[in-house]
Amino acid sequence: MCGIVGYAGPNDTVEALLNGLRRLEYRGYDSAGVAVIDDTGGVSVRKKSGKLVNLEDLLKASPLEAAGTGIGHTRWATHGGPTDVNAHPHLGDDGRLAVIHNGIVENFAELRDEVTSRGAELLSETDTEVVAVLLGLETASGKDLETAFREVVQRLHGTFTLLAMHQSEPGKIVAARHHSPLVVGLGEGENFLGFDVAAFVSSTRRAVVVNEDNIAIITPDSVRITDFTGAEVDFEEYEVEWDAGAADKGGWSSFMAKEINEQPEAIANTIRGRIVDGHVEIPELTALGEDRLKEIDRIIIVACGTASYAGMVGSYAIEQWARIPVEVQLSHEFRYRDPVLTDRTMVISVSQSGETMDTLMAVKYAIERGVTTVSVCNTQSATIPRESDAAVYTHAGPEVAVASTKAFVAQITALYLLGLHLGRVRGTLSAEDEAAAVEQFETLPEKMAEAVATHEQIAQLAHWMADTRSVLFLGRHVGYPAALEGALKLKEIAYIHAEGFAAGELKHGPIALIDHGQPVFVLVPSPRTSPLMHSKVVSNIQEIRARGARVIAIVEKGDTAVLPFADDVVRIPLTDALFDPILQVVPLQWFALELSTAKGLDVDQPRNLAKSVTVE
Ligand code: F6R
């Protein structure tokens, strides 16, 4: 949802901006643009609706001669449709300054009335142009860029990462953040700004996170950070863990295919260093203090989409091992229900990006009410983990495809580790349960590799089912959220109607949907470790089969009970029932990918979606 890049340095500015925007493409967008200080000393802009390739074509037809400073943007439309005119950058001060923006300026109508009453004409429907024009009115009145910028950002309500440059101060870019991220990349004789480190990681891995309500001022040779009043702020640089190659497709047909294949490694990375002498130990939780962990009497997991399904899976395990009641709430619903929170509540947020605005707002709400906040996150130094009391990173590596895959399994893994840590500290976890779980973790990456190898079988299945218009997914217990996730994947990238149900719920209504040939994926629990649930799910399969469903059963190897009732059987390795969804979801990911490919769709960047949703 919007990509933001700034470059100040001696190298090819347009290429630096395009390179950054390409690496931010995963965020989702519907128009793109760049502005540079050109070789005549003026500001020049090129912008175009649609994908980055349209902007690249425009730049070929009408090249920019840049003099070393520029800003670039990919826009996900909020105020005004995805047109050339609405694309960023927007200009102010008679074209002498350019602005790009992520977020929403909530008081834009009031500001628009002000600038139009001061004689300004607006070309677009965007809130950003209003800001550019307002800033231009201030610089035109004789203020320098920094002073004018500070005054303007203090007047904005809403959320923003905002970058601006002015031709009277070539070589300088100013950037502010308020509830939206901003990172500086430190190079040799060049500096970068980005929405996240992907914007510059191919040039430098030295980064500085700009804190909330701060302004960064960069030139090729200097970086300063101030607060909104102009007071200088100290900052620390850090080394980015992800290398540039990790964010390339690396020969795969899509990022999603690459990321599904990376799942064994992602899980291994989440587990690494967290099992010591047969015990699960998460140092970030240890740092919270044993007493604090022992006092927790309720956990609320807040998350959106796929991350909320990971939270649902995790809730079963945490409750089982730590004996604490756990509920899962969608982040955007959480604060509106006036939740009962005490100083013994723990709010665990789950977020791949660590920037999802709905989840960030839920976490802030929890912090204001004095509860303990723990962030399960994949992105180093993102806003949510930085705001939380403890951050448990999943270390799954960059996830670029909009549809989450490896982050999902890594989130479940991290939540399970967290549940085991809590159970041990609180004395609720038996030695046998701990040993059994640790054994599962030790073999999980290997088993995941086997689950990934179901690809060929699923590709054939998808080939036969290419015309499918609706698919149902059934699961019980931890299989239920995995079924929801299977349905979400199919909706997101193959645009096929799909629903996930708790298998037991079917006869309370949804079974009416079953008609001749209706495809239904059923996630069958392990018969060895969960015989009761297994027999119930086999009964559910018989019920839908009797009504004409085409059953595709995902079963543990050696499970023959379903054979008489299933049209297709996909086998995954033996594991304990709690760990089933981590493996069962993989064929569902492949299925969505294959159907999307069969329909000729863009697997990595489905329509209307953004990788990280940074507006509420
Ligand atoms: C689905 C998907 C989304 C995200 C959701 C939360 O494939 O990726 O449903 O899971 O938008 O995003 P994060 O985890 O970044 O908070």
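Just so it is clear, the values below take in all heavy atoms, side chains as well, and ignore hydrogens, waters and symmetry mates. Atoms within each ligand, like the ligands themselves, are counted from 1 in listed order. Every value quoted in this text rests on a predicted model; they were computed, and no experiment measured them.
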Quick one: does any side-chain atom of T394 pair with a main-chain N or O of C377 as donor and acceptor, under 3.5 Å?
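It does hold such a pair.
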Treating Y29 as the side-chain partner and L21 as the backbone partner, does any N or O pair qualify as donor plus acceptor under 3.5 Å?
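No.
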Below 3.5 Å, can you tabulate the donor-acceptor pairs from side chains in residues 473-482 to any protein atom, sequence neighbours excluded?
residue, atom, partner, partner atom, Å
R476, NH2, N540, OD1, 3.1

Pairing donors with acceptors under 3.5 angstrom, does anything connect the side chains of T306 and E485?
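Yes, because at least one side-chain N or O of T306 sits under 3.5 Å from a partner of the opposite role on E485.
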Do T128 and H88 meet the criterion of a side-chain donor-acceptor pair at a distance under 3.5 Å?
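The criterion, which ignores hydrogens and geometry beyond distance, is satisfied for H88 and T128.
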Could you tell me the residue and atom name of the protein heavy atom closest to [atom], and the distance to it rounded to 0.1 Å?
| atom | answer |
| --- | --- |
| atom 3 (C) of ligand 1 | T306 N, 4.0 Å |
| atom 6 (C) of ligand 1 | C304 O, 3.4 Å |
| atom 12 (O) of ligand 1 | T356 OG1, 3.4 Å |
| atom 14 (O) of ligand 1 | Q352 N, 2.6 Å |
| atom 11 (O) of ligand 1 | V613 CG2, 4.3 Å |
| atom 15 (O) of ligand 1 | S353 OG, 2.6 Å |

At the 4.0 Å heavy-atom cut-off, does K489 count as touching ligand 1?
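It does, in that a heavy atom of K489 comes within the 4.0 Å cut-off of ligand 1.
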Check for me whether T379 has a heavy atom closer than 4.0 Å to any atom of ligand 1.
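Distance cut 4.0 Å: T379 fails for ligand 1.
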Taking everything shown except E239 itself, do over 12 heavy atoms lie less than 6.0 Å from its CD?
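Yes, enclosed.
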Within a distance under 4.0 Å of any heavy atom of E492, pick out the atoms of ligand 1 and give their elements.
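In order of numbering, the contacting atoms are 1 (C), 2 (C), 7 (O).
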Check ligand 1 against A403 and write out every atom of the ligand that is under 4.0 Å from a heavy-atom position of the residue.
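Listed by number with element: 7 (O).
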For V402, which part has a heavy atom under 4.0 Å from ligand 1: side chain, backbone, both, or neither?
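The backbone, only.
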Candidate pair R386 and S381, rule side chain to side chain donor-acceptor pair (under 3.5 Å), full reasoning:
CA-CA 6 Å; R386 279 155 38 85; S381 296; 5.7 Å; no
